[in-house]
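Structure first, commentary second.
Per chain, numbering begins at 1; letters A, B, ... match sequence-line order.
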2 protein chains.
Amino acid sequence: MAVAYERIADELRTAIRAGRLGPGDRLPAETRLAERFGRSVPTVREALRALQDEGLLEKRHGVGNFVRRRRTRARRTNLRHQWEKDRARAPLERRAQTGATEHDTGLHVDDLVFRARYREVAAPAAVAEVLGVPEGTVLLERSYRTRCAAEHAPFSLVTSYLVHDVIAGNPALLDERNEPWPGGSQSQLHSVGIEVDRVEEHVTARPPAPEEADELELPPGTSVLVLRKVSYATDGRVVDVSDVILPGDRTELVFTTPLERW
Amino acid sequence: MAVAYERIADELRTAIRAGRLGPGDRLPAETRLAERFGRSVPTVREALRALQDEGLLEKRHGVGNFVRRRRTRARRTNLRHQWEKDRARAPLERRAQTGATEHDTGLHVDDLVFRARYREVAAPAAVAEVLGVPEGTVLLERSYRTRCAAEHAPFSLVTSYLVHDVIAGNPALLDERNEPWPGGSQSQLHSVGIEVDRVEEHVTARPPAPEEADELELPPGTSVLVLRKVSYATDGRVVDVSDVILPGDRTELVFTTPLERW
DNA sequence: GAGTGGTCTAGACCACTGT
DNA sequence: CAGTGGTCTAGACCACTCC
């Protein structure tokens with residue numbers, strides 16, 4: 001507490017938490033705050049930076065410092081997997097109507113812009129281990145971006161890995177121009193005779209890398225959720241590994257675990 | 001790229017990613033870096049700060065700047081809920097042996113230090129809504145901290161809310177001195193005739209508040225996972241709402257979703 | 001053009017760490 | 001004690017936003 005910038009940060013933080021400074025409110029100019037606290041401008045800026053790192057403040061160049069508003073959230077539930085499985089064998093027209101993202105967000109197909117990029121890569125050690133194949137095995141790496149037509153930033157950054165030989169039986173699966181595939185991944189896997197038995201999702205969190213912050217248009221003071229989705233076939237094989245980067249402040253992951261009755 | 005500190009940060013970041021600077025390596029002194037890049041010390045510090053915010057760097061006062069090492073992870077799977085339910089009606093001695101935390105971490109009861117604090121509170125709006133009770137209803141607020149005996153920082157910060165009247169039938173449930181309750185929450189609820197039907201977990205991520213960083217001993221440049229666990233009874237009522245704060249760099253949440261067979 | 005935040009300097013002094 | 005990072009100043013100039 002002996003430190004000047006911490007004293008300033010504390011005072012402002014308290015004001016924000018107590019609601020004396022509400023969401024969207026503008027703070028006094030930095031020079032003004034410096035006068036009021038009897039400190040230099042850089043010291044005040046240090047305090048503001050701390051608050052920004054905590055996600056409490058939003059800086060707008062040339063405009064001012066504002067109390068951050070909470071962003072609206074997008075949900076992603078694990079019910080989507082059963083939902084997608086149920087649709088995987090449905091008639092084409094029904095599958096084409098909506099995908100799992102529409103299911104989660106409640107948006108229409110027309111509201112969404114979808115982009116896929118395919119690439120053949122040699123399996124890096126970390127992915128090979130999960131897929132249960134030797135390092136260097138040929139994989140199909142698929143990158144997906146989905147965004148609201150009205151917005152600029154995508155919901156998530158998705159990279160999916162499939163074993164090339166496993167899906168090569170259906171050449172249509174190797175061409176990114178067939179995306180978005182009606183019915184999603186499970187429908188794709190079904191086309192080469194694979195039934196997904198269970199999905200495992202591993203979740204951690206960390207600050208975004210600069211490229212991620214850039215592409216997801218994340219303001220400073222936010223985190224990303226890192227989700228690794230592993231799909232198991234009915235024979236126990238791992239058939240898909242997907243890494244998903246989600247904006248932590250806009251995304252709510254929901255997992256429902258049903259329990260056996262007594 | 002026109003900006004000096006970004007150029008410096010980029011160069012160091014590239015070196016780290018390429019492995020020219022490996023985990024644990026010490027960087028040259030800040031004054032030395034300033035010379036090398038032909039910039040002032042504060043400018044160099046700005047660059048180092050950016051890298052620290054990304055979780056790439058660890059500053060040690062009086063020692064130096066180091067490339068951050070990855071911390072070992074603790075897992076928390078959603079299988080714990082069924083596991084806990086199975087034990088809820090088991091004989092006392094079996095219940096006393098291990099709890100869900102032991103199940104997740106693979107540690108023994110003796111390795112863990114447990115602390116609980118109970119408090120009666122009036123339901124705040126946000127919690128009341130989830131519990132489906134009027135605002136201001138009397139709740140039992142339970143705060144938990146569990147840590148490794150050998151370590152200082154707890155695994156997580158847990159705050160659980162129960163409706164007072166619902167559990168008052170068993171006065172033992174109102175006394176924190178009865179914690180840790182053998183068999184955990186589901187066993188406690190079972191003692192007042194409640195069977196948990198399903199558990200819903202909502203996950204987001206954000207930077208830690210200073211108090212959280214303090215208590216969990218989080219270094220700068222880390223995020224927290226925010227998990228809200230909602231337990232539903234077989235009659236559809238919400239019987240428990242728990243908020244859990246977990247260190248994002250040390251925790252891996254694992255959710256398994258089984259799918260119905262075709 | 002007025003007002004805001006963004007970057008940067010050059011140097012001072014303090015606090016911490018390890019020998 | 002020497003070397004390191006931590007804090008702070010006073011002021012300069014640039015870049016952006018909005019009127």
Arg39(A) side chain near dT9(D) phosphate (N/O to OP1/OP2, under 4.0 Å): yes

Phosphate-side-chain proximity, Arg32(A) and dT4(C), N/O vs OP1/OP2 below 4.0 Å: yes

Value in whole Å for how far the P atom of dG6(D) lies from CG of Leu57(B): 10 Å

Under 4.0 angstrom between Arg45(A) side-chain N/O and dG5(C) OP1 or OP2: no

Nearest-angstrom distance from the residue atom OH of Tyr5(A) to C1' of dT7(D): 8 Å

Shortest side-chain distance from Val63(B), nucleotide among dT17(C), dC16(D), dT4(D): dT17(C)

Atom pair CZ/CG of Arg39(B) and Leu33(B) - distance to nearest 0.5 Å: 14.0 Å

Sorted by number, the residues of residues 214-223 of chain B with heavy-atom contact under 4.0 Å to DNA chain C: none

Donor-acceptor under 3.5 Å (Asn78(B) side chain, Thr256(B) main chain): yes

dG5(D) OP1/OP2 closer than 4.0 Å to side-chain N/O of Thr31(B): no

Enumerate donor-acceptor pairs with a distance under 3.5 Å from any side-chain N or O in residues 15-25 of chain A to protein atoms, sequence neighbours excluded.
unit_1: Arg17(A); atom_1: NH1; unit_2: Glu211(B); atom_2: OE2; d: 2.9
unit_1: Arg17(A); atom_1: NH2; unit_2: Glu211(B); atom_2: OE1; d: 3.3
unit_1: Arg17(A); atom_1: NH2; unit_2: Glu211(B); atom_2: OE2; d: 3.4
unit_1: Asp25(A); atom_1: OD2; unit_2: Gly22(A); atom_2: N; d: 2.9

Any Asn65(B) side-chain N or O less than 4.0 Å from OP1/OP2 of dG5(D): yes

Residue Ser40(A), side-chain atoms from C-beta onward, closest of dA15(C), dT4(C), dA10(D): dA10(D)

Rounded distance (Å) that lies between atom C1' of dG3(C) and atom CG of Leu27(A): 16 Å

Under-4.0 Å salt bridge between Lys229(A) and Glu201(A): no

DNA chain D: 5'-proximal contact among Gly62(A) and Gly38(A) (nearest heavy atom): Gly38(A)

Leu51(A) CG - dG5(C) P separation (whole Å): 14 Å

d(CD, Glu30(B); C1', dC14(C)) in whole Å: 15 Å

Glu11(B), CD atom: more than 12 neighbouring heavy atoms under 6.0 Å: no

Atom-pair distance (NE2 on His61(A); P on dC16(D)), nearest Å: 7 Å

Ring geometry between Tyr144(B) and Tyr118(B) (parallel below 30°, tilted from 30 to 60°, perpendicular above 60°): perpendicular

Rounded distance (Å) that lies between atom P of dG5(D) and atom CZ of Arg60(B): 12 Å

Lys/Arg N to Asp/Glu carboxylate O, Arg7(B) vs Asp10(B), below 4.0 Å: no

Distance, rounded to the nearest Å, where Phe66(A) contributes CZ and dG3(C) contributes P: 16 Å

Residue mapping more 5' on DNA chain D - nearest nucleotide basis, Ala29(B) or Pro42(B): Ala29(B)

